Amino acid sequence: MSLFGSLYLGDSGIRTSQSALHTVAHNLTNLNTPGYVRQQVANTDTVYTHGGYSVRGWQQQVGTGSKYAECRHVRDEYLDKAYREEYGRSSYYEISYSAILQIEDIIGELDGAAFKESVWGTTGLWASMQELSKDPNNTVNMSMLVSKAATFIENASAVYNSLKEYQNNLNTQIKDSVKEINSIGKRIFELNKEIMRVEIGGVEHANDLRDERDQLLDMLSGYGNITYYESDNTMVTVNFNGSSFVNEACVFEMELATDKDTGFVTPYWKQNLTYKRDANGNTVPDYESAQVFNLKEEISTASKTDVGSLRALLLARGDHVADYTDLEVGACTDLKLDKLGIRADQYDENDGLKYYKDNVSKSIVMNMQAEFDNIVHAIATKINEVLAENCDPKTKYLCNPDGSPMQMFQKSNSPAYEKVTLSSGEAEMLKAQGVKLYQIYNDDEELVPNVYWRYVEEDANQPNTLYNCENMKINQTLLQSPSLLKFTGDENSVDYNIGKKFVDAFANAGIYLNPYATDISSFEKCYQDLIAQTTSSGYVFGQLYDLEQLALEQADNERQTVIGVSSDEELEHMIMYQNAYNAASRYINVINSMLDTLLGMCA
């Protein structure tokens, strides 16, 4: 090789070292940039010139320098997959745990006073009943009973409304999550095209664009279970929870179906949407067939149903505002029939259990709403029942001026009793069926024949007939004039039995916490079980979340050993390439000096 040709060797060394130094500088600049993956230089030799043959017959070759072969994008697909799976699972348990903590805050404290204190505290409803049993005719005790009953229903409604507000907050988070997922999908699709334009020639590598795309895949994995594949043309196709989300041609955006009654949204895939006939024969969308998640699936790590914050949000929120009727497995409602997909004549208690298992128990918020409302409903109806059982329409004892039984707790949107006209035979038949009828007397205590006050039974299909947290209020007349209770019997004698009946009914009445409960519990024990159940669930979710955080941290640490930028390592590379650059410069100087000498000799 000539001396002039030797200059190219030094030039190639300088160029190669300079490019490598640029890569090192790029790595150090992005040392703390989220999602950045370190880039690694690969150098290679250029073509060789062939000379003669050695005495052994080997062909002689002379190198012509080095070149910058490629800038590698250092990643490990297995570690990426492991990290994204752990990130999705950690996100699921983070949402579930935060939901439990929020519910604990709502139930535990309300405006500085625990709900339990308003019922079983030393100055609560239960204490007022005990004081009443000692002196039922004491106006102070009457006032205390009505006042504590008003505080009880006020606090109960506040807790229930707080649970509803939290449901709406979760609903908003679901909307925001779907919006963000669609935004991520669109950007991945755009990056696919940009990366392909850069790399299609097989010369350049769009490493920074790939970093952004990989970071988006990391973010997407936090919302749900994803699978992805990079084709030979550099395009990445993504599936979200088993359905196509991003392919080479388009992005299948998630859509939201909004419930007209609750306003709750449910994500679905428009490309999977089918249609069906409703009860009126109209063609309507079958959103259930296209839902992103099957929320009836059992939650397990093996089936990967505990992955993603979006599923956790949907499960925590539930699909409607629950009340005590959701726990009554024997009650056949339109809602239950719709969810179960059966007719009324096919319904039995096993279907009620299945409905509770699939549609209520899986939701942290709905389960709390139903169980809490069940306790409030039982307390309120038991107090009303004591008043109704001891009223005397003839003397108007514990009755309203119109002769209907007095109530402590009233329905907000419908009357408790309706006036009906019945023959004696009809009245006896209805009483035999358990219908509550009360005869009506005029002001002279004379019986009004064939006219009765009939108790309007609660109907789960008509929410305005229910004694639940949403449809119940204190009797305002009693609140203004508690002395109307007048616990005095015949000849103005004090009715000491009424106070005892309140105490006995409250202490001995029992309910089931939920359909899976095996024992009947008192009101107080049932509430304690409710709190214990919430605390236990919080502990379990907290433990799982902590474990997932450790697993995620471990997966991230392992991945960072491959993709992370080490300042110490990069500084070593910088020194190495600087030395290589200097060596190439000195080599050129030596060749240049030799050429000057030779040219001087020739001159």
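This structure is a prediction, so every number in the text was calculated from the model and none was measured.
- There is a side-chain donor-acceptor pair under 3.5 Å between S300 and S303.
- A salt bridge is absent between E288 and K339; no separation between the charged side-chain nitrogens and carboxylate oxygens falls under 4.0 Å.
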| said: Between Y268 and Y287, is the ring-ring contact (aromatic ring centres under 6.0 Å, His included) condition met? List the steps. | reply: CA-CA 7 Å; Y268 71 95; Y287 293 112; 4.9 Å; yes
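- Using a 3.5 Å distance cut-off with no hydrogens or angles, the side chains of Q533 and E371 do pair a donor with an acceptor.
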* To do: List the steps, then state whether salt bridge (charged side-chain N to carboxylate O under 4.0 Å, His left out) holds for D306 with R89.
  => CA-CA 6 Å; D306 62 344; R89 189 165 284 118; 3.1 Å; yes
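- Cation-pi geometry between R311 and F293 is not met: the NZ or CZ atom fails to fall both under 6.0 Å from the ring centre and inside 45° of the normal.
- Using cut-offs of 30° and 60° on the angle between ring planes, the pair Y93 and F541 is tilted.
- Looking at E190 and K186, no side-chain N of the basic residue comes within less than 4.0 Å of a carboxylate O on the acidic one, giving no salt bridge.
- Between H377 and Y324, the ring-plane angle classifies as parallel under the 30° and 60° cut-offs.
- Smallest separation of non-hydrogen atoms from A316 and A99: CB-CB, 4.2 Å.
- Nearest approach of L314 to V265, heavy atoms of both residues: CD2-O, 4.1 Å.
- A side-chain N or O of N413 and one of N471 form a donor-acceptor pair less than 3.5 Å apart.
- Residues E86 and A555 share a closest heavy-atom pair of CG-CB, 4.4 Å.
- By the 4.0 Å N-to-carboxylate-O rule, R213 lies close enough to E230 to be salt-bridged with it.
- Across Q215, R75, E199, H205, a single residue satisfies side chain to side chain contact (heavy atoms under 4.5 Å, CB included) together with R210, and that is E199.
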Would you sort out whether S231 and E248 count as a side-chain hydrogen bond (donor to acceptor under 3.5 Å, both in side chains), showing the intermediate values?
-> CA-CA 9 Å; S231 59; E248 297 184 6; 3.2 Å; yes
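- Contact record, L327 with A370: CD1-O, 3.5 Å, taken as the closest heavy-atom pair.
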Open item on the list: Pair R559, D76 - check salt bridge (charged side-chain N to carboxylate O under 4.0 Å, His left out), show working.
Closed with: CA-CA 7 Å; R559 191 169 75 151; D76 187 306; over 6 Å; no
